[in-house]
Amino acid sequence: MKSRTGIIWLVVLALLGVGAAAVYWFRADIATNILRRAASAGVGASLKAELPDGLHAVFCGTGSPLPDRSRAGPCFAVIAGERVFVFDAGEGASETLALMGVNAGDIEHVFLTHLHSDHFDGLAPLALQHWAGAASTTPLDVVGPIGTSRVAAGLNEAYTIDSGYRMAHHGPEIVPAGGFGLAATEFAIPEGASDLVVYDVDGVRITAFGVDHAPVDNAFGYRIEYAGRSIVVSGDTSRAESVARAARGADLLVHEAISTELNAIMQDAANSNDRRNVGTIFNDILDYHTSPEDAGAVATEAEAGALALTHLLPPTPIPGLDQVFVRAARTTYAGPVWAMRDGDVISLPRDGGLVRSHHMR
């Protein structure tokens, strides 16, 4: 009996070996067939079509200028009914939005919080997808502080040669000449005012307010309102009363965060390896970003419904490190708090409630 069982097991193992070998040798054909089945669903994906009517926070870049393969540069999008808006477009933002099922051609405006390069260095790839991926006849509209026009003009100039090649290759029906590049609109909050409505169309209202990111001039956060729901995004800032004021009663506060605990580890590592310039940078960034504890305190003061931490500094390449941010924020805020990941969505349906989900193709 034992010998018969042993023979059966040998046969099973042999078959498994043959199967594994077949999978290895035909892996290209297998992968092609998988792609054939998945391509239509991937190309036709539409995140806004999957979501109920309401206001939706889309995390398309939760990282910083520091290297982190799991997080794109700063990017936050909002879907309000059928309208799509993007707030900042850091490196990798265009790819993350596409992987989440957000069509660049659907983006109505990109709002910049300020002009640090990590918040706009993904604009040009996003503009390319807006143009070539959707045959757009108008440039991608970018709204931001004084200086936004210079940034847009510089990126347009850098991509002008490339645009000529693409138009010559694909033709005007695929890449209409009028859809190339970026079109900029600048604004400033009037002296004596605390905020400025920068968009108010069909029930969607977006209000800009000043924050403290000195020495950066004209740094803003935004409050977005639709269907009785509201989201506030802080932009880059040290702890600011203006954020608490703008976030009063908001359903969701999206706030940047720097962990002083983790930042100290990185600063010590830089200094001990004779990278004192890097160590100085780790020290300097503390004074114009917000600790999770302070972000939690702002959420508490504002009586916000939930707190989402993003633009995480320093990077969190090890599983569990993001919970350092959550743990710290919970010492000052009793509501729901999360350290966001690229691909996360927080939905605020028209009829109430809050749902967190993950969308990455």
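Predicted, not measured: the structure shown is a model, and the values here were computed from it.
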Do [X] and [Y] have side-chain heavy atoms sitting under 4.5 Å apart?
| X | Y | result |
| --- | --- | --- |
| Asp236 | Val211 | no |
| Pro74 | Asp118 | yes |
| Pro67 | Arg69 | no |
| Tyr226 | Ile79 | no |
| Val142 | Phe111 | no |
| Val58 | Leu47 | yes |
| Arg356 | Val345 | no |
| Ile107 | Leu126 | yes |

I'd like to know if [Y] and [X] are part of one continuous hydrophobic network [Ile/Leu/Val/Met/Phe/Trp/Tyr, side-chain heavy atoms within less than 4.5 Å].
| X | Y | value |
| --- | --- | --- |
| Phe87 | Phe120 | no |
| Phe209 | Val143 | no |
| Val84 | Leu252 | no |
| Val326 | Phe59 | no |
| Ile285 | Leu115 | no |

Flag the pair Phe187 / Phe220 as yes when their ring centroid distance falls below 6.0 Å, and as no otherwise.
yes
Minimum heavy-atom distance between [X] and [Y], given as atom pair plus value:
| X | Y | value |
| --- | --- | --- |
| Leu321 | Pro315 | CD1-O, 4.4 Å |
| Ala269 | Ser272 | O-OG, 3.1 Å |
| Pro125 | Asp121 | CD-O, 4.3 Å |
| Thr148 | Pro145 | OG1-O, 2.6 Å |
| Ala247 | Val232 | CA-CG2, 3.7 Å |
| Leu307 | Ala329 | CD2-CB, 4.2 Å |

If you apply the rule side chain to side chain contact (heavy atoms under 4.5 Å, CB included), what do you find for Leu55 with Val78, and how did you get there?
CA-CA 7 Å; Leu55 195 58; Val78 168; 3.5 Å; yes
Can you tell me if [X] uses its side chain to pair, donor with acceptor, with the backbone of [Y] under 3.5 Å?
| X | Y | result |
| --- | --- | --- |
| Thr113 | Gly221 | no |
| Asp344 | Arg341 | yes |
| Asn156 | Gly181 | no |
| Ser234 | Glu256 | yes |
| Ser64 | Leu66 | yes |
| Ser242 | Gly210 | yes |
| Arg229 | Gly353 | yes |
| Tyr222 | Leu112 | yes |
| Tyr333 | Ala304 | yes |
| Thr310 | Met340 | no |

If you round to the nearest 0.5 Å, how far is [atom2] of [Y] from [atom1] of [X]?
| X | Y | atom1 | atom2 | answer |
| --- | --- | --- | --- | --- |
| Asp268 | Asn263 | CG | CG | 9.5 Å |
| Leu348 | Ile224 | CG | CD1 | 10.5 Å |
| Arg71 | Thr62 | CZ | OG1 | 3.5 Å |
| Glu186 | Ser149 | CD | OG | 3.5 Å |
| Phe85 | Ile206 | CZ | CD1 | 4.5 Å |
| Asp342 | Thr96 | CG | OG1 | 5.0 Å |

Under 4.5 Å side-chain linkage, directly or through intermediates, the cluster mates of [X]:
| X | value |
| --- | --- |
| Ile161 | Tyr165 |
| Val355 | none |
| Ile146 | none |

Start with the C-alpha distance between Trp338 and Leu309, add both sets of side-chain angles, then the distance that settles side chain to side chain contact (heavy atoms under 4.5 Å, CB included), and finish with yes or no.
CA-CA 6 Å; Trp338 305 283; Leu309 301 175; over 6 Å; no
Would Leu253 and Val243 count as a side chain to side chain contact (heavy atoms under 4.5 Å, CB included) if you check the C-alpha gap in whole Å, the side-chain angles of each, and the deciding distance to 0.1 Å?
CA-CA 9 Å; Leu253 172 59; Val243 179; 4.0 Å; yes
Just checking [X]: does its [atom1] atom have more than 12 heavy atoms from other residues, nucleotides or ligands closer to it than 6.0 angstrom?
| X | atom1 | value |
| --- | --- | --- |
| Glu50 | CD | yes |
| Glu91 | CD | no |
| Arg150 | CZ | no |
| Arg275 | CZ | no |

For side chain to side chain contact (heavy atoms under 4.5 Å, CB included), just list the numbers for Ile231 and Val254, CA-CA rounded to whole Å, side-chain angles, deciding distance to a tenth of an Å, and then say yes or no.
CA-CA 7 Å; Ile231 297 170; Val254 178; 4.1 Å; yes
ring-ring contact (aromatic ring centres under 6.0 Å, His included) contacts in which one or both residues fall within residues 268-318, not counting sequence neighbours:
His116-Tyr288, His119-His311, His213-Tyr288, His213-His289, His289-His311
For residues 127-139, tabulate all N or O donor-acceptor pairs below 3.5 Å that involve a side-chain atom, not counting sequence neighbours.
| residue | atom | partner | partner atom | Å |
| --- | --- | --- | --- | --- |
| Trp131 | NE1 | Pro176 | O | 2.7 |
| Ser136 | OG | His130 | O | 2.5 |

Under 3.5 Å donor-acceptor pairs involving side-chain atoms of residues 194-205, not counting sequence neighbours:
| residue | atom | partner | partner atom | Å |
| --- | --- | --- | --- | --- |
| Tyr199 | OH | Arg83 | NH1 | 3.1 |
| Tyr199 | OH | Glu108 | OE2 | 2.6 |
| Asp200 | OD2 | Arg205 | NE | 3.4 |
| Asp200 | OD2 | Arg205 | NH2 | 2.9 |
| Asp202 | OD2 | Arg83 | NH2 | 2.7 |

Where do Arg327 and Glu261 land on the salt bridge (Lys or Arg N to Asp or Glu O under 4.0 Å) test, with the steps shown first?
CA-CA 12 Å; Arg327 180 179 64 194; Glu261 178 182 352; 3.4 Å; yes
